[in-house]
Q: 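Have a look at the structure that comes next, please.
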Amino acid sequence: MSTALLEVQGLCVDYPVRGAWFRKKRFLHAVSDVSFCLHAGETIGLVGESGCGKSTLGRALVGLVDVSRGSIRLQGVEIAGTKNLRARKKMCGKYQMIFQDPYGSLNPRLTIFESLDEVLRLAVAAPPRAVRREKAAALLTKVGLKADALDRYPHQFSGGQRQRIGIARSLAADPLFIVADEPVSALDVSVQASIVNLLDDIRRETQTSFLFIAHDLAVVEHISNRILVMYLGRVVESAGSRELIADARHPYTEALISAIPRVDQPEHQRIILQGDVPSPLSPPEGCTFHPRCPYATERCRRETPELKEISPGHCVRCFRAFGGQ
């Protein structure tokens, strides 16, 4: 493939945890050593249980969360930890975010045009207001809304319509890539498919890249070219979407796939994981998944597996997938 649009290497995000003054300072490791590449016009799906670090990773990519260690390079330019305000303003138009909550992501005191115009005015040479209004109307049309919505307020729209407005706002800066943080989880099932299809149409038309975050693997399978599976802050498996669904190698991925309803296989076996996700404040030694893994061995309890490529483009963090190596 061509040179990657976005290159993430060894990304870590740690949150300090308050405690008694005489205790050793502790950190919550929300994201640990995540690496991947995103190419132009590609959608990468990011899945995992709640609390695994998906949203933190997405926010770190767009500068909403400070990176503790690691590198984020956009078109070869390092953007992780950039403190220069002028440089950040120049780069921020190249990446945007669609938030999970369509009700809380729009300012209720601003009209739809004013919300879009906040982004349009960030351009280095912002066009006149009349031109910006024309572009705002075109953005609403692109996401399936009428131009007369510009002078209305968020409370006058349904949840699905508000999410379309949020998508229009993310497109206002003509970004190179967009982080979609569970954009359909707060919507009715009847609306989810239309939003997912809209995002896929935008990707095809504009060649904008997406990091699509969700906990529903069925939705991610539909929209993604590749899928990353996260567990307790780490990527445990990554592959093309079709290959991952057809030939998952990590026990956690197998469990997620077994939860997908299959019309053609109504009797398929559901894998029920035992126990709860360990606390990221005190993760287990060795493989972090071993307390819930039905195949765990003594080695899994002692050693931490690396993320290794077992076939072209298919990487797994599991000793069992390595053939016991």
Q: Which pair of non-hydrogen atoms, one from Leu140 and one from Ala149, has the smallest distance, and what is that distance?
A: CD1-CB, 4.1 Å

Q: Between the side chains of Arg133 and Asp151, is the shortest nitrogen-to-carboxylate-oxygen separation below 4.0 Å, so that they form an ion pair?
A: yes

Q: From Asp66 CG over to Asp14 CG, what is the distance, rounded to the nearest 0.5 angstrom?
A: 11.5 Å

Q: Under a single-linkage definition using a 4.5 Å side-chain heavy-atom cutoff for Ile, Leu, Val, Met, Phe, Trp and Tyr, are Val77 and Leu211 assigned to the same hydrophobic cluster?
A: yes

Q: Checking His222 against Asn197: is there a side-chain donor and acceptor pair closer than 3.5 Å?
A: yes

Q: Mind checking the CZ-CG spacing from Arg132 to Leu116? Nearest 0.5 Å is all I need.
A: 11.5 Å

Q: Taking all non-hydrogen atoms of both residues, which atom of Arg292 and which atom of Leu273 are closest, and how far apart?
A: NH2-CB, 3.6 Å

Q: In the structure I gave you, are the side-chain heavy atoms of Tyr231 and Cys52 within less than 4.5 Å of one another anywhere?
A: no

Q: Counting only heavy atoms not in Arg242 (residues, nucleotides, ligands), do more than 12 fall under 6.0 Å from its CZ?
A: no

Q: Could you walk me through whether Arg73 and Leu6 pass the side-chain contact (heavy atoms from CB on, under 4.5 Å) test, one step at a time?
A: CA-CA 6 Å; Arg73 300 181 69 84; Leu6 181 73; over 6 Å; no

Q: Is the ring pair Phe177/Tyr95 parallel, tilted or perpendicular, if the boundaries are 30 and 60 degrees?
A: tilted

Q: Do the side-chain N and O atoms of Thr253 and Glu237 include a donor-acceptor pair separated by under 3.5 angstrom?
A: yes

Q: Does Arg203 make a cation-pi contact with Phe210 (under 6.0 Å, within 45 degrees of the axis)?
A: no

Q: Quick check for you: to the nearest 0.5 Å, what is the distance between Leu61 atom CG and Leu46 atom CG?
A: 9.0 Å

Q: Nearest 0.5 Å, what's the CZ-SG distance between Arg226 and Cys37?
A: 7.0 Å

Q: Count the heavy atoms belonging to other residues, nucleotides or ligands that lie under 6.0 Å from CZ of Arg301, then report whether that count exceeds 12.
A: yes

Q: What closest approach, in Å, do Thr304 and Gly286 show between heavy atoms, and which atom pair accounts for it?
A: OG1-O, 3.2 Å

Q: Would Leu11 end up clustered with Phe27 when hydrophobic side chains under 4.5 Å apart are linked, directly or stepwise?
A: no

Q: Among the clusters formed by ILVMFWY side chains lying less than 4.5 Å apart, do Val119 and Val131 turn up in the same one?
A: no

Q: Does Ile271 share a hydrophobic cluster with Ile245, counting links as ILVMFWY side-chain heavy atoms below 4.5 Å and allowing steps through other members?
A: no

Q: Verify the distance criterion only: is there a donor paired with an acceptor across the side chains of Glu7 and Ser71 at less than 3.5 Å?
A: no

Q: Are any of the side-chain heavy atoms of Pro305 and Cys318 separated by less than 4.5 Å?
A: no

Q: Considering all heavy atoms of both residues, which atom of Ala40 and which atom of Leu5 are nearest to each other, and what is their separation?
A: N-CB, 4.0 Å

Q: Would you say the ring centroid of His250 lies under 6.0 angstrom from that of Phe289?
A: yes

Q: Return the CZ to OG1 distance between Arg204 and Thr43, rounded to the nearest 0.5 Å.
A: 9.0 Å

Q: Can you check whether Phe99's main-chain N or O pairs, donor with acceptor, with Gln163's side chain at less than 3.5 Å?
A: yes

Q: Is it the case that more than 12 heavy atoms not belonging to Asp148 sit under 6.0 Å from its CG atom?
A: yes

Q: With a 3.5 Å cut-off and no angle check, do the side chains of Gln100 and Ser185 form a donor-acceptor pair?
A: yes

Q: Would Asp181 and Ser55 count as having a side-chain donor-acceptor pair, cut-off 3.5 Å?
A: yes

Q: Can you confirm whether His215 sits close enough to Glu49 that some side-chain heavy atom of one is under 4.5 Å from a side-chain heavy atom of the other?
A: no

Q: side-chain hydrogen bond (donor to acceptor under 3.5 Å, both in side chains) for Glu285 and His290? Distances and angles first, verdict last.
A: CA-CA 9 Å; Glu285 294 184 5; His290 86 256; over 6 Å; no

Q: Let me confirm one number: the OG1-CE distance from Thr56 to Met230, rounded to the nearest 0.5 Å.
A: 8.0 Å

Q: Cation-pi between Arg109 and Tyr153: NZ/CZ under 6.0 Å from ring centre and within 45° of the ring axis?
A: no

Q: May I have the step-by-step check of side-chain hydrogen bond (donor to acceptor under 3.5 Å, both in side chains) for Glu42 and Ser224, ending in yes or no?
A: CA-CA 8 Å; Glu42 180 183 34; Ser224 303; over 6 Å; no

Q: Let me check something: do Leu57 and Leu64 share a hydrophobic cluster, defined by ILVMFWY side-chain heavy atoms less than 4.5 Å apart, either directly or through other members?
A: yes

Q: Cation over ring, Arg320 on Tyr295, under 6.0 Å and within 45°?
A: yes

Q: For the NZ atom on Lys142, are there more than 12 heavy atoms of other groups (residues, nucleotides or ligands in this structure) within a distance under 6.0 Å?
A: no

Q: Decide if atom CD of Glu306 counts as having more than 12 heavy atoms of other residues, nucleotides or ligands within a radius under 6.0 Å.
A: no

Q: Can you name the nearest heavy-atom pair linking Val184 to Val196, along with the distance?
A: CG1-CG2, 3.9 Å

Q: Can you tell which of Thr208, Leu199, Ile98 makes a side chain to side chain contact (heavy atoms under 4.5 Å, CB included) with Ser170?
A: Ile98

Q: Of the non-hydrogen atoms in Ile260 and Ala218, which two are nearest, and what is the gap between them?
A: CG2-CB, 3.9 Å

